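Here's the structure, in structure tokens; my notes come after.
Remember, it's a predicted structure, so these values are computed and weren't measured experimentally. Just the heavy atoms: all of them, side chains too, but no hydrogens, waters or symmetry mates, feed the values below.
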Amino acid sequence: MKRLCAFSFARRLFKPRTTHSQESKEQMEQSPIVTVEDNFDLQESRESMEKSPMITANNNFDTQSSTENEKETGSYAATNIILNHEFSDGLHSWHPNCCDAFVVPASSGYHKGLAAKEGCCYAVVSNRKECWQGLEQNITSRVSAGSTYTVSACVGASGTFQGSVEVLATLKLVYQNSETSYLFIAKKAASEECWEILEGSFSLSTMPNQVIFYLEGPPAGTDLLIKSVVISCPSSTACDSSGTSSVCTDDDNIIINPQFDDGLNSWSGRGCKVALHDSMADGKITPMSGKSFASATERTQSWNGIQQDVTGRVKRKLAYEVSAVVRIYGNNVTSADLRSTLYVKAADNRERYIGIASVQATDKDWVKLQGKFLINDSPSQVVVFLEGPPAGTDILINNLVIKHAAKAPPSSPPVIEDAGFGVNIITNTSLNDGTNGWFPLGNCTMSVQTGSPHIMPPMARDSLGAHEPLSGRYILVANRTQNWMGPAQMITDKVKLHLTYQVSAWVKIGQTSGPQNVNVALGVDSQWVNGGQTEISDDRWHEIGGSFRIEKQPTKVMVYIQGPAAGVDLMVAGLQIFPVDRRARFRHLKKQTAKLRKRDVMLKFSGSDSGSLFGTFVRVRQLQNSFPFGSAISRTNMDNEDFNAFFVKNFNWAVFGNELKWYWTEAQQGNLNYKDADELLDFCTKNNIQVRGHCIFWEVVGTVQAWVQSLNKNDLMTAVQNRLTGLLTRYKGKFPHYDVNNEMMHGSFYQDRLGKDIRVNMFKTAHQLDPSPMLFVNDYHVEDGCDTRSYPEKYIEHILDLQEHGAPVGGIGIQGHIDSPVGPIVCSALDKLGTLGLPIWFTEVDVSSDNEYVRADDLEVMLREAYAHPAVEGIMLWGFWELFMSRSNAHLVDAEGDINEAGKRYLALKHEWSSHPHGHIDEQGQFSFSGFHGSYEVEVVTVSKKITKKFVVDKGDNALMISESKERIKIAPMVIAINNSDSQSSKENGKDIGNIILNHEFLDGLHLWRPNGCYAFVVPAGSGYRNGLTMAVVTKRTIWWQGLEQDITSRVSAGSSYTVSACVGASGTFQGSVKVFATIKLVYQNSEMKFISIGKKYVSKESWEMLEGSFSLSTVPNEVIFYLEGPPPGTQLLIKSVVILRSSSTASDESKQAMEKAPMITTNNYFDSQFLFMLINHTCNDSCQSSKEDEKDTGNIILNHDFSYGLYLWNPNCCVPAGYHKGLAAAIVTNRKECWHGLEQDITSKVSEGSTYTVSACVGASGTSQGSVEVLATLKLVHENSQMKFIFIGKKSVSNECWEMLEGSFSLSTMPDQVIFFLEGPPAGTDLLIKSVVISCPSC
């Protein structure tokens, strides 16, 4: 187990914004007008709009004054700390305070006085019931103590008041203990519907936990209007020193006088004296750079050193890199550990020390000390200092730089050619050629003997599968005079970087008087690498297994077997070193996981006539996977809201890194500190997160407090009893687990001083004091084969010994600090430990690699192996945030909140291990699915209501049946007739006679509506916009098919016919009229999409027209989406109301069939109209038609097979897709410069080895001068080492602009990393045409 470092964390969790205000301003100016989008709180928006009074036209809104004021404030664009200050990004970064708010574009006409400035927006704060309710923004991370800030806000008010009302600017200051105070900034009287500039200033003497700026003031019922807000630091000097205007750039050193050019100004001694030098030791020591250096002298303690106070210059949640040039001098010390440390004093006077970096300094040369740190909170004091060498030794420093850490460039996936998975890289492993390829390390002797096992060692067999028998020959190594002597082999040219290698062999030793360690080791240049260890105490053959990986290019790699004491013979047989195929293992684990962690579930909707529910839409959402996924956290993390958000969202268990350990709760005898643990436990309890108690004791002597180590036996026994009583009674019933005595396999402090019985007594006493928690043993290197102190057999022996003496051991903890994990080795350890019948938890998992992709692979190995094993009941990570992990290069999220590749892999696995099925109730009133264990919510949607029910899928072998009474789910009758004579009747019908369109008049904003690739907002009635009607405005349309859509899946049924009536219009610069289309999009199980054209209507500028049509469905697909589209790009689509009603009579079979098959045919700018018409009307031969039929019958694995959804999931291969049209069943591949240029789709996840697949593609060509050209179907296979192979499937000769059917088949003997299907072939310059593709497995 590792200690967690006390660092702080990220600036922003997912997408940090630029720290430069100028860039921020430019981004905001370029942002599109954002009003009500599909992620807007539409309920609040509707209430706000309904309650907002009509704002009449008025020229008193002085927009010019706002603009002039912005100019007068100077370069506020470079210093404004308010994000989204002009609301160009909607309400992003702003929050209404107990009221409602929405953003209105000036162009909307909501208030005509705002239209003067193009692109301008303003916020309307409505539904205010108290004068203090308004709009706020958290500015904590952008202000600092000691600086003065000016405030300028353009504000107004609207309502029924007389005269004027006051608008106030206020700061809310929240401190550590949740105490809150308010700081008044300024106020301004605002008249009805007139802009005013509110100005003021503020400064903070100390820095609280939160600083929130907000605008408030007008009486209840009055709308507060806000056009812009600027808060800036006018003093550039102050801003530079405090970091207020923006965070330090990469070139900004926050250290003052870093090279001592100004003597010792800003520097001081920490418990000692400091001096300035140009040389020392008779001129032998001179500055490495510059003219001077400083020394910390007359040091009497190791913590004495040189320091600088950097309070106000370090910003919270920002990572800083530290670099110093240092050395030591005097006291006959030639080498010592020299450290840089940060002293941090919080606002509540809590103190802590943050270790930044350390280096082995010498008295011979200057060395560079480098590290990183960050702070989560806003402390009252921050001091950086150097410390470490023994008392009497001077610390010398030439310079110190602390600046905002540059972002590390992202890793690239390793490129590995010819991986050779499973191929042994050892020469002459069978010894058929004597000892050729081998040599003795040292002056020992080697000979070949017979009598070793013929079977492959089990862990290797699990990786390699069936394998030919071993030869039965082995190497006997005799005359060993050193423990490192043994057989060796050079493998320099055979080892590939970034590949994980598994090591396996049979080993045996000669006669000995006690246990002997045997180790497969690698000499990588001058570094020793552990390839696996085992302990032998008898004359039997033993399996030795391990793994390794090399990530930097070596000049020499040697493998050798060593270990037994001098004079003990060593025997080695069947040494295997081979790269492991992790992807193949993952496929196996996925199947195991599905069997173990999922359960079949049947939702049964019972009642007198359950058949009437047939076709009703059901959506199931997993709320949480019940399997524990947890992480270590620390008290300092809680000051970082971004860390908290990520943790709460992605973990359901926690463990405290240090805060419950004895050295933390009682660092000094009798001074108890449970404050940190209490606060962490309270945080977890509030967020419904369970916590492991780690740990009561820790056996490793280096972790035991000095005062505990100094106690005699009796006093130590008393202290142990007090620790047990104090901890277990204080938290009785609050921790479901305790690690009782940590790392007993690697330490024995308490056992050595108090006797062997103390370990058993710790367990017994803990259980007596609190019987509820499960008591764990916990240790490391159990699962990786590299430690003879804690390999599985020895751990099992240890646990059984504790149990035999009465210790109530309830669980097995495997820490999981591992390098280059190999699945079968981990699984082997779990299998062995599983025989004890106790639950196994991985308690401290971390993996480390410089390369994020390799780190992600390692993490995936550990998570998949654990989740797929029946004995494992929980997984805890030992942290996830950079600078708060005990190992470097182990984090999933970087210091400022960016999720790296390892973090993305973790989230992807969590997503894979959650279930979200949806579909329709069948004829028996049932809906079935297979789901991961956990809590769920089912949603049943009918025309009249939406019913939700929560349930739990727990462990079990039988199918789980959840019943729901039909009485709760009543289908509302549909009204047959509809009068579509005008838009008013449409409105009435929508309310009264069964409209399946919800929120059909947009009275609830855009609720249930989605803009399709564009923007939309709703204008409330009375706004003056478009004659004051409530309507949806669809704007920023760049393609004609962009519009507004609604999912109506749950409200339509097969066999019924529906009539559509929509009141629509258009606005823009067009002349004459434009067309508006009503369309239905059908999405099927295999993601195939089809489109049904319902109707169209020509509309003139700003006039309402009624678009009418009808449709029916022979079957109900997975999704049915209604949408309106059509006007040219740049034209606004206006929608007043939509009504869809079930007709009194159903359409004929022919009509229904025609509507489902006929796509909406219009042209767009991607196609030449004449050519498009020819393409669509070209008669496809019978084989092309069979392609469609094959797809229905055999399960097409090609998604979007007929291009009804454009080029979705298809990728042009080094060429350009000329375009597509939804539903036209044709893709055109143009600009082809090579014959192999074409269109491809990744089908990796949809094929498997051993199956045969048939291919049928309807293809053509255009641009051939004469005769015909060939079209080819090909598979590209990409293996883990990036090696590529190509499989020819079939080819077809095609004439110019004529469809032909290309057919063929393929099968895969092994499964590569990627399988990509593509079509190619015609000569360069010829367009490739593709109408549809079907790949199916008839036997699957």
If we ignore hydrogens and angles and just use 3.5 Å, is the side chain of [X] paired with the main-chain N or O of [Y] as donor and acceptor?
| X | Y | value |
| --- | --- | --- |
| Arg619 | His918 | no |
| Asn209 | Asp639 | no |
| Gln705 | Trp662 | yes |
| Trp881 | Ala895 | yes |
| Gln137 | Leu83 | yes |
| Thr140 | Val211 | yes |
| Arg316 | Asn376 | yes |
| Lys345 | Arg352 | no |
| Ser914 | His911 | yes |
| Gln622 | Phe932 | yes |

Answer yes or no: is there a side-chain heavy-atom contact under 4.5 Å between [X] and [Y]?
| X | Y | result |
| --- | --- | --- |
| Asn742 | Thr703 | no |
| Arg864 | Trp913 | yes |
| Ser790 | Val782 | yes |
| Met774 | Pro839 | yes |
| Phe373 | Val344 | no |
| Leu727 | Leu660 | yes |

So which atom in [X] and which in [Y] form the shortest heavy-atom distance, rounded to 0.1 Å?
| X | Y | result |
| --- | --- | --- |
| His891 | Met885 | CA-SD, 3.4 Å |
| Arg597 | Val872 | NH2-O, 2.9 Å |
| Ala654 | Ile689 | N-CG2, 3.7 Å |
| Glu865 | Cys827 | OE1-CB, 3.6 Å |
| Arg692 | Thr843 | NH1-CG2, 3.6 Å |
| Asp676 | Asn673 | OD2-ND2, 3.6 Å |

Could you pull out all residues at least two apart from [X] that satisfy ring-ring contact (aromatic ring centres under 6.0 Å, His included)?
| X | value |
| --- | --- |
| Phe842 | none |
| Tyr674 | Tyr731 |
| Phe763 | none |

How far does [atom1] of [X] sit from [atom2] of [Y], to the nearest 0.5 angstrom?
| X | Y | atom1 | atom2 | value |
| --- | --- | --- | --- | --- |
| Asn652 | Cys684 | CG | SG | 11.0 Å |
| Leu863 | Leu877 | CG | CG | 6.5 Å |
| Lys734 | Thr685 | NZ | OG1 | 7.5 Å |
| His869 | Asp831 | NE2 | CG | 4.0 Å |

Does the distance from a Lys or Arg side-chain N to an Asp or Glu carboxylate O, for [X] and [Y], drop under 4.0 Å?
| X | Y | answer |
| --- | --- | --- |
| Asp377 | Arg635 | no |
| Arg730 | Asp678 | yes |
| Arg582 | Glu860 | no |
| Arg350 | Glu679 | yes |
| Glu852 | Lys904 | no |

Worksheet entry | Stepwise salt bridge (charged side-chain N to carboxylate O under 4.0 Å, His left out) check, Lys407 with Asp894 | CA-CA 9 Å; Lys407 291 279 186 185; Asp894 78 9; 3.7 Å; yes

Worksheet item: When the ring planes of Trp653 and His737 are compared, do they come out parallel, tilted or perpendicular, using 30° and 60° as the limits?
Response: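 The rings of Trp653 and His737 sit tilted, inter-plane angle from 30° to 60°.
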
Worksheet item: What orientation do Phe735 and Phe656 show, parallel under 30°, tilted 30 to 60°, or perpendicular over 60°?
Response: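 Answer is perpendicular, since the angle exceeds 60°.
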
Item to complete: Report, as yes or no, whether the 6.0 Å neighbourhood of atom NZ on Lys832 holds more than 12 heavy atoms from other residues, nucleotides or ligands.
Response: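 For Lys832, atom NZ is crowded (more than 12 foreign heavy atoms under 6.0 Å).
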
Practice prompt. Carefully, step by step, assess Glu844 and His817 under the rule side chain to side chain donor-acceptor pair (under 3.5 Å).
Written response: CA-CA 7 Å; Glu844 304 178 18; His817 303 290; 2.8 Å; yes

Discussion item. Using side chain to side chain donor-acceptor pair (under 3.5 Å), reason through Tyr343 and Glu351 one step at a time and then give a plain yes or no.
Written reply: CA-CA 7 Å; Tyr343 165 78; Glu351 297 177 319; 2.5 Å; yes

Worksheet item: Does the ring centre of Phe629 sit less than 6.0 Å away from the ring centre of Phe651?
Response: no

Discussion item. Tell me if the centroids of the rings in Phe646 and Phe880 come within less than 6.0 Å of each other.
Written reply: yes

